[in-house]
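Reviewing the structure listed below.
In what follows, chains carry the letters A, B, and so on, assigned in the order in which the sequence lines appear, proteins first and then strands, with residues in each chain numbered from 1. Since we're looking at a predicted model, the values are computed, not measured.
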Amino acid sequence: MASAVTPRNEDYSQWYLDIVKNANLASNSAVRGCMVIKPYGFGIWERMQRQLDDMFKETGHQNAYFPLFIPKSFLSKEAAHVEGFAKECAVVTHYRLMNAPDGSGVIVDPEAKLEEELIVRPTSETIIWNTYRDWVTSYRDLPLLINQWANVVRWEMRTRLFLRTAEFLWQEGHTAHATAEEAQAETLQMQEVYATFAEEYMAMPVIRGYKTENERFAGADNTYTIEALMQDGKALQAGTSHNLGQNFAKAFDVKFANKDNQEEYVYATSWGVSTRLIGGLIMTHSDDEGLVLPPRLAPIQVVIIPIPKPNEALDAKAAELLAAFKARGVRVSYDSDDTKRPGFKFAENELKGIPVRLGLGSRDLENGTIEVARRDNKTKESQPLEGIVDHVVSLLDDIQNNLFQRALDFRTAHTHHVDTFEEFEAILNRDIPGFIYAHWDGTTETELKIKEMTKATIRCIPNDAPEEAGKCILTGKPSHRRVIFAKAY
RNA sequence: CGGGGCAUAGCGCAGUCCGGUUAGCGUGCCUGCUUUGGGAGCAGGAGGCCCCAGGUUCGAAUCCUGGUGCCCCGACCA
């Protein structure tokens, strides 16, 4: 059978689509721009959710849920916010259908027009801050640390499975604080939670940075981001944490009495990651054989394949192994399908990115061995059955670490420092452009000009960017530190 | 919103230009036999509102008119 996916160097975009489709992660739907997340893809999301949720709880947050619909008037209360989202909102105008008088089907009942139209949330700041007004009266009510898991809708012109869909799943944290310092600390804390998750669980190295004014969230004073580099040399914004200052508190009149009984507006943050992370996961590790998953997020970490096909002796040994693996918390499965041959299963499990494959054959039983194949580097070796669980548990760690290291090496190899516009353009014209550290004069005007000329944008200013005197690559004006440019998703 | 493409079996497609048997191929599915350490072989079988609505015609998947939907590329954006 021919290869299931288009090679990356032939058509990267098609490669990505092939992986999503053939690894059974998601498919397009009858609704433009909306996807069906299939069980295997959703399994990855569930792993992400579980881990992130634990991390949110550990940092003191609680989950709650706010409505899908937002009164239209709410959206316009914060000027920058409405400006940013107005162009991509789905609007509910009616609440009832009726049979068409001519029998042609069902139509919107014109009598059932809503007095105030409802927006399908593109994000929930407005409805949440409208609610927080009632929740916060005293400094004793603060900080308010809430997260919600939800779907949101942004009517994007162009969509791509996982990376940009009209509807997507995410979490959005919304916190309220008594002081600007606390809000800033929260913003940075959540950026670090995201960065830790990305690096330790997704094995995806990220840059911790903050956005330029131009790239900031609509309504934020400052937006912090984690930026990852994909295999085609384009950047992916993988998570954002916003310091909203008092913008929403003022827009929704959320005040509290401080210890001196003085009324003050509260300080806000919001932060989110979405199913886009799955797109990032795919484009960080996967290869021309299919998906490659880091063990910590793989729905199935180890698959045991009977060779050449299941029989009583193999089934018995497999059952023993399954129990032993499960006892160690390993997510393992036994592929006892006797209608497929081993070769088919090997290819299928590679396509699905299962980190470790154990080939258990009749000869192995005689010899007391088992074949261990790792997905990340496609190597395989025969191992003694004795102690195999320990071996595999440690191998899963190795794979997790190897994937991170490999991605980090890739990023290092595709990170450049340039001082002239000629070098800058030359790097961007490469097949795999990558991150470019360069000096910028700090103006939105220059940023937009560079984007227009090269399609590259400022992904972020690294949190730890060292002071360094230099000249803007475009205007030659003075700059005191480098920022990171890249083409981006 | 521009440019392109597609809509026929679960999935992937051919057939459409130039109308004419019972609409076909690959794959998957069901049955049986054989095979079995990297995507098995043979035989038999089931499976179709050919996107929708009109029209032309003795006859439409195919021609005409009008719709609808999805995908890809670009602009915009997480």
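Residue-level contact check: A/Thr165 touches the bases, meaning some heavy atom is under 4.0 Å from a base atom. A/Leu17 comes within contact range of the sugar-phosphate backbone alone, with a heavy-atom separation under 4.0 Å but no base atom that close. Nucleic acid contact class of A/Lys345 (heavy atoms, under 4.0 Å, all strands): none. A/Lys455 comes within 4.0 angstrom of sugar-phosphate atoms only, judged by non-hydrogen atoms across all strands, and of no base. Using a 4.0 Å heavy-atom criterion, one finds that A/Ala238 contacts no nucleic acid atom at all. Contacts of A/Ser362 with the nucleic acid, taken as non-hydrogen atoms under 4.0 Å apart, include base atoms. A/Arg32 comes within 4.0 angstrom of the backbone, heavy atoms only, and of no base. Residue A/Phe217 is classed as having no contact, given no heavy-atom separation below 4.0 Å to the nucleic acid.
Comparing atom distances between the A/Arg164 side chain and each of B/C71, B/G37, B/A78 picks out B/A78 as nearest.
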* Dot-bracket, RNA chain B: Watson-Crick or G-U, under 3.5 angstrom, [ ] crossing, | other strand? -> (((((((..((((......[...)))).((((((.....)))))).....(((((..]....))))))))))))....
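Of the charged side-chain nitrogens involved, at least one lies within less than 4.0 Å of a carboxylate oxygen, so that A/Arg357 and A/Glu350 count as a salt-bridged pair. Ionic pairing of A/Asp338 and A/Lys309 is not present here: no N-O contact between side-chain nitrogen and carboxylate oxygen is shorter than 4.0 angstrom.
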